[in-house]
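Here's the structure, in structure tokens; my notes come after.
Every chain is numbered from 1, with letters handed out A, B, ... down the list of sequences.
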Amino acid sequence: MSDIPKTYAPHGAEAKWYSAWDSRGYFKPRGDGRPYVITIPPPNVTGSLHIGHALGYTIHDALIRWKRMQGYDTLCVPGTDHAGIATQNVVEKELRKEGLSRHDLGRERFIERVGTWVDEYGGMILRQLRRLGCSFDWSRTRFTMDDGYVKAVMECFVKWWEEGLIYRGKRVINWCPRCLTAISDIEVEHVDRVGKLYHLRYPFKDGSGLIVVATTRPESMLGDTAVAVNPQDERYTEHVGKIIILPLVGREIPLVADDYAKPEFGSGAVKVTPAHDANDFEIGLRHNLPQVIVIDERGTMNADAGAAYAGLDRFEARERVLADLQSRGLVERIEDYTVPTALCDRCKTVIEPLLSEQWFVRMKELAQPAIDVVKSDRVRFIPERYARIYYDWMENIRDWTISRQLWFGHRIPVWTTDDGEYIVARSEEEARAKAGDRPITQDEDVLDTWFSSAHWPQAVLGWPDRTADLDRYYPTSVLITAREILYLWVARMIMTGMHFMNEIPFSDVYIYPTVLNEEGKRMSKSLGTGLDPLDLIDHYGADALRFALLVRTAKGQDFRFASVTNGRQRQVEEARNFANKVWNASRFVLMNLGDNSAEHKPEWVESEALADRWILSRLNETIDEVNRAMDDYRMNDAAQTLYHFFWDDFCDWYIELSKSSVASREATEEVRAARNRIIYILETSLRLLHPLMPFLTEEIWQRLPHRGESIMLARYPEADLARVDNEAASQMQTVIALITRVRNIRSELNIPASSRLRLYAAPTDAAAERLVRQNESQIKRLARVEEIVIVGQLPTLDSAARGLVAGFEIAVPLEGLIDIAKEQERISKEITRRENEAKGLASRLDNHSFLERAPHDVVEQARDRHQELIAEMEKLTATLRSFS
RNA sequence: GGGCGGUUAGCUCAGCGGUAGAGCAUCGGUCUUACAAACCGGGGGUCACUGGUUCGAUUCCAGUACCGCCCACCA
């Protein structure tokens, strides 16, 4: 039977089974039974697999495989997101290598170029997911810009426009001077930077002195159109209404009273720049102030900034303005200050708040139904705490800037007629029809990427058409995602689902942990993870990577994942070792199938033998716990339960205990029954493990006799709790304790494994005696004992090691082998250990309050244990005395 | 500024009112014919700190420190 290699070789198995599964159509839904549906978070087309993806999609696959084996009609829809800004950036970078910019190509050719790039290099990540083993329905793969998807996006825009939820507005938005587009509030990253706070002097026109204002951005003063003070601020009451001459510019601006000004900050007076600050914009509206744009979309000062500054970069302008003010004595002081700074979360460029005309979505009324479904538990967050974070955002929701000044994306379906009317339509034809004879031009901008992904669950199933998929598979079962897109994506999907489907998009939202590096910081591509999932798969196999991740995926608790050092990643290595353990246990079973391996009689599983009753009991407890854990998204518990059952219970005890019969040369009925039992346990374990380790389990399963087409089509085990046998468990515990005690004596007294011992055992009752007699051969084998002598009382022996086990006193005669001093030391240690425990118990039992207030069973338990310890100590002390 | 998580053996993490667990690492011993990526045995923790509640706290409450994350229009 040497045709089975000693170690599991993942690569052959992975390639072979993945294509077999895929070509046989196993990843597609069956079409009958209860649906269980997941639409994956679509990764960016430009993306490649990083460790966070590997975790997220492994969870997807484990759950979908588990449900599929349980008989659900499972569907997991994959796809990619066009990721407007990110993708455009990548292609522009390509062009730059050729010395071109997108403007050299023009819009149309640039879009073509992006298309080519996406076809050629995009979606690589989906191919990488196959390496992980993901059983997604590739025939339903979607892209947020495929034809059907465009239809969904247009439908939404038109509907929202008709319902008055979309509007065009001029206001201060977040502008990225590098990406040259507006971005929404949640695409802005806030950081604190060391900087300065500048206190500037603004003179009153009437010569009655000056007023001091504080700012972190002196260059913006060129666009000031007022200074504001708090109406309650008595220091300024007499000055309100006065005219100020704006330094360097000479513009006359008023001193207005507005609540926004906080008297306790700086001088209490704040300069107002309505075109370059969202708050100032609001103040401007309240006081009817002019809006002067002085910084253009590239972050360069424009003509309105004045001839001295026009053309300067905003940061250069800052220095120049400052120098000019200083030379005029208009800088009161400069202090160190931590400046809250807004960055573009894509490119980390400092955001320029800019007055600009954009398209917005009114969010308040969309948010309400989406809040309600979470409040009423129709949508459940796992872990629950995210519901509160969701409410905080949803209840203070602000309008959504959806237009982007990019070329790649969904072009905004708004056309303007020559007389200035907006025509909103699903297509150009429709727009032309609506416009009649008037010439129309389409809006140049595209939609925020998240505007399209907001429809993902329904759109990938066919919406806005009423398709069979949509009927059958919507709403979906669970959304599994990373924490950072809770607002950006999850919240918006719930809103669109409620709005267009009048139904929740999914009932569970599982936010999985973030993978951290050794320092406890989140792994991100920009920081460099030092970890490539594909390298890990190449090195250790996909199952090992999957298991290594799942075994630490507690419900919502981030975990650290080491990087590769000296070519090794110890956590994945551990999991690989487990895979190898499964492989070798299976190898043992397969090597002992015997000639009649095809035979299988269900009654052979039944057995009176302790080990058999015990392993069946443990197996069913395991099945029960694994199913519960999976159902509760406790992937770590499922993985650990299986690890422990398989390695400790099955390999270390059951296989060892069954070896003599399973590996026997004579194929008696009894032996064949034993072989069938062990196959049964192994086969069930493989099915249990399959969602976590699909390739390994299939590779082994296929070698088992008569198992059918694929483990993927096998039924997931269901616990039979009638099989849980507490008596067998406690008896087995005693047998294990007895064997361990003997091994321990052997090890501590340095007795070679080769020397066969005689064991005297004095059971305390008839049950204990029966236990030893019935399991004698196995105890002898595992404890490496030649003979077990059962006695009523231990004989006096000249030199022997003694020990206590629940239900027994034992002695091992060791003529010539024993080191008396060592044995004394060993016994003393046993006594001390018990003394310490007894001391603690005694002090509690002496405490009146404890006796009065603690529950009776706790007191009783303490009393019993105390008695037991005292009895054991007496025996041990007697043993110790016998040496002298 | 507000909020949320974390702090348990050398490392990665469970546990969360009755006196601490796992895996790995470490130490000692094994080629015991499935597996040395293994087997057998051992050692190792004042459960971050300070108070409080309780007969009893790692576990509950309050506060402190440190680490991490999210949100925020104080110029």
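Contact check of residues 843-862 of chain A against RNA chain B (heavy atom, cut-off under 4.0 Å) returns A/Arg844, A/Asn847, A/Ser849, A/Phe850, A/Arg853, A/Ala854, A/Pro855, A/Val858. Contacts with RNA chain B (heavy atom under 4.0 Å) in residues 482-490 of chain A: A/Arg483, A/Tyr487, listed by number.
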Write down the protein N/O and nucleotide N/O pairs, taken from nucleotides 20-24 of chain B, whose separation is under 3.5 Å; answer none if there are no such pairs.
unit_1 : atom_1 : unit_2   : atom_2 : d
B/G23  : O3'    : A/Tyr643 : OH     : 3.4
B/G23  : O2'    : A/Glu574 : OE1    : 3.2
B/C24  : O4'    : A/Glu574 : OE2    : 3.3

Polar atoms only, N or O, under 3.5 Å: list the protein pairs with nucleotides 27-32 of chain B and their distances.
unit_1 : atom_1 : unit_2   : atom_2 : d
B/U32  : O4'    : A/Arg784 : NH2    : 2.6

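In this view, A/Trp653 satisfies the ring pair (Phe, Tyr, Trp, His ring centres under 6.0 Å) rule with no residue, not counting sequence neighbours.
Below the 3.5 angstrom threshold, one finds a donor paired with an acceptor across the side chain of A/Lys581 and the base of B/C35.
Which of B/A34, B/G41, B/A75 sits closest to the side chain of A/Met591 comes down to B/A34. When distances run from any side-chain atom of A/Arg587 to the nucleotides B/C73, B/A34, B/G68, the shortest one goes to B/A34. Nearest to the side-chain atoms of A/Glu748 among the listed nucleotides B/A38, B/C73, B/G42 stands B/G42. Residue A/Gln571 has its side chain nearest to B/U12 when only B/U12, B/A14, B/C35 are considered. When each of B/A72, B/A37, B/A34 is scored by its nearest atom to the side-chain atoms of A/Thr7, the top-ranked nucleotide is B/A37.
If you check every strand for non-hydrogen atoms under 4.0 Å, A/Arg833 touches sugar and phosphate atoms only.
In RNA chain B, runs of at least 3 stacked Watson-Crick or G-U pairs (N1-N3 plus N6-O4 or O6-N4, or N1-O2 plus O6-N3, all under 3.5 Å) give these stems: B:1-7 with B:65-71, B:10-13 with B:21-24, B:26-30 with B:38-42, B:48-52 with B:60-64.
For the C1' atoms, the distance from B/G45 to B/C35 is 33 Å, rounded to whole Å.
Cation-pi geometry between A/Lys581 and A/Tyr643 is not met at under 6.0 angstrom from the ring centre and within 45 degrees of the axis.
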